[in-house]
K.L.:
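Sharing a structure here in structure tokens format.
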Amino acid sequence: MIRELLRRPEALLGGLLLLLIAGAALLAPVLSPGDPLAIAGRPLVRPFTDPAFPLGTDGLGRDLLAGVIHGVRTSAAIGLAAALVAVLAGMLVGTAAGFAGGLVDEALMRVVDAFQIVPGFLLALAFVSVTGPSLAVVAIAIALGAWTGPARLSRSRVLALREADFVAAARVMGMHPAEIALRQVMPLALPPVLAVTAVIVAGAILTESALSFLGLGDPNAVTWGGMIAEGRNQLRSAAYLSIIPGIALVLTVISIYLVGEALTDVLAGKRQS
Amino acid sequence: MTSLATCDRLTVRYPGAARPALADLTLALHAGEKLAVVGESGSGKSTLARALAGLLPVGTALSGAIRWSGPPPRPGRDIGTVFQDPGASLDPLLTVGAHLVEGLRAPLPLGRAEARARAAALLARVHIPDPERALAAWPHQFSGGQAQRIAIALAIAAGPHLLVADEATSALDVLVQAEIVALLRELCRDAGMTLLFITHDIALAGTLADRVAVLHDARLVEIGPAARLLAAPREPYTRALLAAQLDLASPRLVGTRP
Amino acid sequence: MPRLLRRVATRLLGSIPVLVIVVVGVFLLLNSAGGDAVDAYLLSIGGGDAQQAEELRIRFGLDQSVTARLALTLAQLARGDLGYSVALNRPIGAVIAERLPNTLWLMGSATALSFALGSALGVLAGRRPGSAADRLLSAGSLFLYSIPNFWLGLVLSVVFAVRLRWLPVSGIETIASGKTGLARAADIAQHLVLPVSALGMIYLALFLRVMRAGMVEAWGQDYTLAARARGVAPWRITLNHAARNALLPLVTMLGLQAASMLGGSVVIESVFGIPGFGRLAQEAVAGRDGPLLMGVILVSALMVVAANLLVDLAYGALDPRVGGPR
Ligand SMILES: Nc1ncnc2c1ncn2[C@@H]1O[C@H](COP(=O)(O)OP(=O)(O)OP(=O)(O)O)[C@@H](O)[C@H]1O
Ligand SMILES: [Mg+2]
């Protein structure tokens with residue numbers, strides 16, 4: 001599979017980019033030791049003019065490169081955490097609905113409908129404003145708008161599997177329905193959900209950046225959205241303050257899409273042959 | 001007996017395929033005859049049909065030649081094609097009338113009103129009841145047999161001299177199948193059309209065709225008059241094919257030869 | 001027509017329980033917060049004594065139990081009354097009615113733009129899958145799809161408003177310009193160019209990809225091959241058969257994106273200082289105004305329901321196979 005991936009130029013590009021980004025996230029304390037929010041030098045050093053600050057400094061003299069490197073940790077952590085929560089919650093609800101059927105199914109699916117007709121971003125906004133911004137809250141807030149996709153996907157898969165022979169066999173053996181649902185059926189509903197996980201992670205990163213941009217991110221963490229918002233006040237004189245973290249954001253999201261798309265393609269091709 | 005088309009050592013290889021779908025095929029199609037092509041799935045029957053109808057996908061490698069007696073035929077105008085699944089070969093979003101008007105105006109210089117008038121006549125010709133109403137109906141509102149009649153009307157719209165029917169009856173149940181076969185026979189007789197009838201049902205081929213060609217593994221195994229080929233096959237493969245079908249056998253088909 | 005009406009009625013009735021779930025859910029969420037609008041309000045006017053707070057709470061019914069207030073809220077909303085905003089000191093319905101048009105213009109234009117351009121470019125890309133045009137457009141759409149809308153808004157305004165000065169930086173119209181009629185419409189249109197582009201770009205990319213996928217699907221179907229066999233001109237097969245069929249999944253996608261686009265307009269309105277419905281959501285959060293936030297969320301949900309109903313009707317009109325409900 002790896003070899004197949006390597007044959008696609010766009011997957012290769014995305015993969016390299018993603019490796020670079022993951023490396024930055026893991027090695028952030030080594031690459032840029034110290035507090036990225038601390039004042040490091042003169043304010044408003046332009047990018048590519050001072051080797052000490054390759055990407056320049058902001059209005060307070062904070063190193064932009066350090067911000068970008070530490071921001072990737074926030075983005076990655078929240079993107080992965082939100083996707084994990086969304087996938088887990090969605091699969092549990094979808095499996096329960098599909099496996100139980102009847103009224104339970106009907107009720108759970110109306111809840112799914114309810115979450116789908118409320119704009120996820122508004123829900124996240126409301127949740128963060130009520131609970132107070134912290135990394136965990138932001139991740140859950142984002143997951144609130146993202147779990148319905150996995151729920152629907154796993155439900156339809158479970159509906160198809162419910163009458164399978166192995167389920168009947170497990171019933172005959174006296175296994176508890178909940179155990180059958182969780183241990184036997186749910187894992188089989190994973191592939192279609194995994195296929196959309198990259199999209200969920202990328203979407204979560206975008207939503208987090210929008211929340212931080214509106215000032216609803218964790219105030220103690222460096223976030224790209226927050227950096228873009230701060231730079232906004234100097235848009236006329238120092239647009240690079242907003243543009244540079246935005247580029248980091250775009251590159252991260254695009255690399256996830258590229259890798260995710262290639263993975264889905266390769267897996268789909270595998271299933272066909 | 002003039003030949004309409006001749007395949008000369010025709011070899012067809014689809015893009016990216018390891019093996020050719022047709023290899024070294026030499027075969028003449030006589031004007032006015034009904035030639036059946038039989039063979040198991042994957043033997044290259046549809047490939048032959050598509051090569052003759054000019055419908056091979058782009059990037060397909062062709063060697064050898066197809067020689068036509070006249071100028072190269074234009075799809076729709078000189079060759080009509082009928083496909084296996086009548087439901088799928090009609091666009092679900094267009095009315096039957098829109099299909100026919102489009103099909104008539106593509107090869108012929110007709111106005112919209114003229115095309116519409118001819119469309120109703122075409123439907124009557126393939127025995128669709130109440131053609132005027134059928135023109136306004138959608139494909140999904142017809143049964144498989146009726147949809148196939150409509151597809152046939154579309155194929156013969158411009159009065160082609162060759163009709164290619166690629167498994168045109170395979171998706172239908174036996175009674176409807178017999179009706180469609182009868183319709184094809186009638187249309188060929190009335191218009192003097194040549195018919196290339198593709199099927200995997202060798203007995204059906206025998207009831208309809210003048211000659212039968214047997215394909216196996218991209219190659220032509222045997223070709224000859226229908227009666228002779230069914231009664232006294234020369235090649236072991238043809239014999240095996242016949243034996244396999246007679247085993248499954250419906251006495252009906254054995255008895256229907258005139 | 002009666003069948004159509006019945007379909008609309010069934011859909012609307014079916015969405016009532018879902019809307020109730022929304023209201024109850026949002027109510028419980030908002031009530032789990034410490035501190036309420038009265039606290040926030042008193043803080044904003046520089047403080048007040050306990051008695052004043054108590055009076056305000058009684059006036060807005062904030063002194064009762066959670067279940068009692070939930071029942072009150074449901075009954076009130078069922079009457080079509082969205083309540084009173086403490087933060088803005090105005091009826092919520094009136095505020096929303098005032099803000100909604102701006103957002104509808106923004107979203108409507110962004111939808112129209114992204115749908116028209118996205119489907120047209122999707123046809124161009126899907127006309128011959130694998131062609132140079134296709135690869136360029138597919139790569140370009142993936143890139144556009146990865147750009148956060150608020151950042152795109154900032155970049156566009158740096159380039160076109162700040163540097164080139166072609167377009168206004170913010171607002172929905174020139175304040176106190178005294179313009180009326182067509183001149184005012186042109187002024188608003190000018191103000192909308194950048195926000196609409198910023199909001200619509202991601203959907204343009206999405207619609208392009210969905211349209212292209214639909215075209216690829218159509219090329220694999222017998223009806224395009226059959227049309228070729230009939231001698232129908234390639235451009236005609238592309239437009240009349242492949243594109244027409246590819247439009248169906250695109251229409252479905254349009255309904256699915258309504259909620260996401262409303263969320264996007266919150267941020268875009270903030271970037272471009274448009275006094276719209278999305279900004280109202282932000283103001284409700286900032287003012288800790290629960291009823292206002294409830295009103296905003298409920299009206300958004302209603303708009304999503306309406307959008308999906310419209311899409312459903314459009315789908316029914318486009319696809320003859322769709323008869324009754326579902
Ligand atoms: N578009 C294509 N690209 C690549 N290979 C193809 C394509 N179409 C057909 N083939 C291959 O070419 C061979 C011959 O196919 P063809 O469709 O001519 O067979 P057939 O005799 O019509 O079979 P069937 O009875 O199943 O219709 C098969 O091995 C098939 O897999
Ligand atoms: Mg075939």
K.L.:
What are the residues of residues 239-250 of chain C, in order of number, with any heavy atom under 4.5 angstrom from a heavy atom of chain B?
P.N.:
N240(C), H241(C), R244(C), N245(C), L248(C)
K.L.:
Is any side-chain heavy atom of R321(C) less than 4.5 Å from a side-chain heavy atom of L93(B)?
P.N.:
yes
K.L.:
Looking at every heavy atom in both Y223(C) and D91(B), which two are closest together, and how far apart are they?
P.N.:
CB-N, 3.6 Å
K.L.:
Is L55(B) close to chain C through its backbone or its side chain, or both, or neither, when contacts mean heavy atoms under 4.5 Å?
P.N.:
both
K.L.:
Heavy-atom pairs under 4.5 Å with chain C: which of P92(B), A53(B), A155(B), G103(B) has the most?
P.N.:
P92(B)
K.L.:
Count the heavy atoms of every other residue, nucleotide or ligand shown that sit under 6.0 Å from CG of L13(C), and state whether that count exceeds 12.
P.N.:
yes
K.L.:
Taking atom CG of L225(C) and atom CZ of R50(B), what is their separation to the nearest 0.5 Å?
P.N.:
5.0 Å
K.L.:
Chain C heavy atoms under 4.5 Å from I79(B): which part of the residue, side chain, backbone, both or neither?
P.N.:
backbone
K.L.:
Which residue pairs pass the side-chain hydrogen bond (donor to acceptor under 3.5 Å, both in side chains) test when at least one of the two sits in residues 116-133 of chain B, sequence neighbours left out?
P.N.:
H127(B)-E186(B)
K.L.:
Would you compute the distance between atom CG of L154(B) and atom CZ of R230(C) and round it to the nearest 0.5 angstrom?
P.N.:
4.5 Å
K.L.:
For chain B, find its close neighbours in residues 106-124 of chain C: heavy-atom separation under 4.5 Å, sorted by number, or none.
P.N.:
none
K.L.:
With a 4.5 Å limit on heavy-atom distance, are the side chains of H140(B) and P320(C) in contact?
P.N.:
yes
K.L.:
Tell me, out of P107(B), G54(B), A88(B), A106(B), who's got the most heavy-atom pairs with chain C below 4.5 Å.
P.N.:
A88(B)
K.L.:
Heavy atoms only, distances under 4.5 angstrom: which of R128(C), R236(C), R228(C), Q221(C) has the most pairs with chain B? Name it, please.
P.N.:
R228(C)
K.L.:
What pair of heavy atoms forms the shortest contact from A226(C) to S89(B), and how long is it?
P.N.:
CB-O, 3.5 Å
K.L.:
What residues of residues 198-220 of chain C make heavy-atom contacts with chain B at a cutoff under 4.5 angstrom?
P.N.:
none
